[in-house]
Number of protein chains: 2
Amino acid sequence: MVPLYILGLLLRFGPQHGYQIKKLLEEQLADFTQIKLPTVYYHLDKMATAGLVLAHTDRQGARPEKTVYEATPAGAKQFEALLRKTLHTTYRPTFDIDASLYFADTLPPHELLLAFAEAESWLCHTVQLIEQHKAETLACLPTQVAVSAGLIFDHHLLHYQAELTWVRQAIRRIKEAAPHDENESN
Amino acid sequence: MVPLYILGLLLRFGPQHGYQIKKLLEEQLADFTQIKLPTVYYHLDKMATAGLVLAHTDRQGARPEKTVYEATPAGAKQFEALLRKTLHTTYRPTFDIDASLYFADTLPPHELLLAFAEAESWLCHTVQLIEQHKAETLACLPTQVAVSAGLIFDHHLLHYQAELTWVRQAIRRIKEAAPHDENESN
DNA sequence: TGACAAATAGTCAGTACTGAGTATAATGAT
DNA sequence: ATCATTATACTCAGTACTGACTATTTGTCA
């Protein structure tokens with residue numbers, strides 16, 4: 001995943017510093033990945049060793065040297081291979097919250113309900129945020145690219161909406177299973 | 001996550017070998033986690049060092065010694081802390097396939113369509129499988145526990161269905177954007 | 001023009017995870 | 001009785017990731 005993004009960005013936007021790659025990831029993909037800077041450098045080093053990218057130091061006027069990375073032909077080949085491999089990865093989610101739910105019998109229902117209520121409002125807010133980002137992004141994109149960008153946004157939107165549906169269902173069912181827990185205030 | 005599962009299982013089912021814990025995870029949670037054996041041992045060792053579990057070697061008749069792990073009172077405290085923390089983790093998915101989609105302009109449409117068609121049939125199949133597991137599992141569970149178990153199953157079902165909806169949408173949109181690509185056979 | 005914040009460009013040590021391997025015990029097939 | 005699987009129980013070395021840190025440069029406001 002990370003190498004695919006890095007190689008792809010290097011091929012699309014030309015040679016870059018590690019920091020610039022991180023910038024590109026933030027500008028273009030902030031909603032979809034959370035890759036950290038040290039992770040970028042880790043993979044750049046690895047790929048440099050493997051000959052997939054070329055690292056050349058550039059020292060221009062200002063003293064400290066920076067390292068610029070550039071995809072090699074071998075890197076371009078690897079990019080295509082990763083692209084095809086990633087395209088065929090199957091969806092296999094795990095949800096952290098399921099673990100706490102599995103042990104939910106050791107928690108008082110009102111604590112569950114509180115957590116789910118928080119989750120609900122956060123999800124509502126997030127869905128709106130992504131819808132807004134989608135509108136802004138698609139507005140300034142050529143049609144051909146806009147199709148896949150739109151798909152990525154909708155991918156996230158659909159799953160956030162599914163999560164919201166689930167959270168609301170959970171609230172209903174917990175209330176049904178443990179009626180009249182409201183007096184648990186303190 | 002992993003420590004939460006391990007501590008919870010030790011508290012619920014009593015002292016266990018690492019291998020037995022892995023077994024419990026498989027029997028009870030196979031659809032929801034993919035924790036591997038070495039990961040179990042890694043956390044057991046860590047938690048033993050931290051005093052959250054007690055490791056005592058038992059040698060009974062048969063020669064080779066096994067290590068049995070048992071949650072300590074400190075472990076029980078930690079379990080509750082983890083349970084509450086996990087309950088409040090926010091949903092933040094990332095989808096590998098989005099990365100390939102982001103670079104989709106470098107791929108011929110029919111390759112995308114092929115991959116998505118495969119994804120569609122796999123998802124259909126998986127949804128059915130989970131529905132079946134759900135029915136089987138809920139049938140032999142007391143009502144109180146069945147509520148949370150049902151919620152966990154439905155959590156996965158809703159997201160798999162969202163993924164299916166998205167894949168079908170993607171197929172439609174790709175076909176619209178690149179009409180008549182069928183002649184690309186070879 | 002000095003000084004303080006923000007952006008740029010990294011490094012490093014520590015954590016988490018797991019594929020591949022080891023070794024013995026129980027079970028079933030022939 | 002013996003051999004082959006399968007189940008049990010665990011280890012180790014390598015990969016991936018990242019929080020916390022360092023250090024320089026570039027505004028920017030007084």
Side-chain angles (χ1 to χ4, degrees), chain A residues 1-7 9-10 13 15-27 29-30 33-50 52-53 55-70 78 82 85-86 89 92 94 96 99, chain B residues 1-7 9-10 13 15-27 29-30 33-50 52-53 55-70 78 82 85-86 89 92 94 96 99:
Chain A
M1 278 293 319
V2 186
L4 176 61
Y5 275 123
I6 293 178
L7 285 171
L9 291 174
L10 285 179
F13 296 103
Q16 309 279 335
H17 299 161
Y19 191 84
Q20 288 176 307
I21 292 173
K22 169 65 175 159
K23 279 273 146 148
L24 287 172
L25 285 170
E26 260 165 26
E27 283 160 21
L29 297 153
T33 65
Q34 291 88 50
I35 299 166
K36 306 296 162 68
L37 234 201
T39 308
V40 171
Y41 284 109
Y42 169 74
H43 285 282
L44 282 173
D45 282 354
K46 259 201 67 176
M47 299 198 309
T49 307
L52 304 176
V53 301
H56 45 93
T57 316
D58 85 324
R59 167 194 298 275
Q60 38 175 329
R63 231 68 48 65
E65 1 183 271
K66 306 167 182 186
T67 312
V68 177
Y69 297 88
E70 182 183 359
Q78 176 71 0
L82 286 174
K85 192 184 149 203
T86 304
T89 52
R92 240 177 205 302
T94 63
D96 284 7
Chain B
M1 279 292 319
V2 186
L4 176 61
Y5 275 123
I6 294 177
L7 286 171
L9 291 174
L10 286 178
F13 296 103
Q16 309 279 335
H17 299 162
Y19 191 84
Q20 287 176 308
I21 293 174
K22 168 65 174 159
K23 277 277 150 142
L24 287 172
L25 285 170
E26 258 166 26
E27 283 160 21
L29 297 151
T33 65
Q34 290 90 49
I35 298 165
K36 305 295 168 17
L37 235 202
T39 307
V40 172
Y41 284 109
Y42 169 74
H43 287 282
L44 283 173
D45 283 353
K46 257 201 67 176
M47 299 199 307
T49 307
L52 304 176
V53 301
H56 46 93
T57 314
D58 85 326
R59 167 195 297 277
Q60 38 174 330
R63 232 67 48 65
E65 2 183 89
K66 306 166 182 185
T67 312
V68 177
Y69 297 89
E70 182 182 358
Q78 176 71 358
L82 286 174
K85 192 184 150 202
T86 305
T89 52
R92 239 176 208 305
T94 63
D96 285 6

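Source: prediction; values computed, not measured. A, B, ... follow the sequence lines: proteins, then strands. Residue 1 opens every chain.
- We find that CG of L25(A) is positioned 15 Å from C1' of dT18(D), with the value rounded to whole Å.
- In this structure, K46(B) atom NZ and dT15(C) atom P are separated by 7 Å, rounded to whole Å.
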Side chains of residues 18-25 of chain A: which donor-acceptor partners sit under 3.5 Å, not counting sequence neighbours?
unit_1 : atom_1 : unit_2 : atom_2 : d
Q20(A) : OE1    : H17(A) : N      : 2.8
K22(A) : NZ     : E26(A) : OE2    : 3.3
K22(A) : NZ     : I35(A) : O      : 2.7

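- Dashed line: the shortest gap from a side-chain N or O of Y42(B) to OP1 or OP2 of dA16(C) is under 4.0 Å.
- Atom NZ of K36(A) is separated from atom C1' of dC17(D) by 10 Å (rounded to the nearest Å).
- In this structure, CE of M1(B) is placed 20 Å from P of dT15(C), rounded to the nearest angstrom.
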Please evaluate residues L7(A) and Q78(A) with respect to the criterion side-chain contact (heavy atoms from CB on, under 4.5 Å), reporting the C-alpha separation (whole Å), side-chain torsions for both, the decisive distance (0.1 Å), and the verdict. CA-CA 8 Å; L7(A) 285 171; Q78(A) 176 71 0; 3.9 Å; yes
Tell me, for nucleotides 6-11 of chain D in 5' to 3' order, what letter each nucleotide earns: B for a base near a protein heavy atom under 4.0 Å, S for only sugar-phosphate near one, - for neither? -SBBBB
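- Atom CG in L24(A) sits about 15 Å away from atom C1' in dA9(C), given to the nearest Å.
- Between the OH atom in Y41(A) and the OG1 atom in T67(A) there is a gap of 7.5 Å [rounded to 0.5 Å].
- Remark: C1' of dA16(C) and CD1 of I6(B) are 12 Å apart, rounded to the nearest angstrom.
- When every heavy atom of V53(B) is checked against every heavy atom of L44(B), the shortest pair comes out as CG2-O, 3.8 Å.
- Taking all atoms of both residues into account, the shortest heavy-atom contact from Y69(A) to A55(A) is CE2-CB, 3.6 Å.
- Every residue meeting the side chain to side chain contact (heavy atoms under 4.5 Å, CB included) condition with P38(A), not counting sequence neighbours, appears here in chain and number order: K36(A).
- Looking at the side chain of H43(B), the nearest of the listed nucleotides dT18(C), dC17(C), dA16(D) is dC17(C).
- Here dC17(D) presents its P atom at 8 Å from CD1 of I35(A), a figure rounded to the nearest Å.
- Taking atom CD of residue E26(A) and atom P of nucleotide dA7(C), one finds them 11 Å apart after rounding to whole Å.
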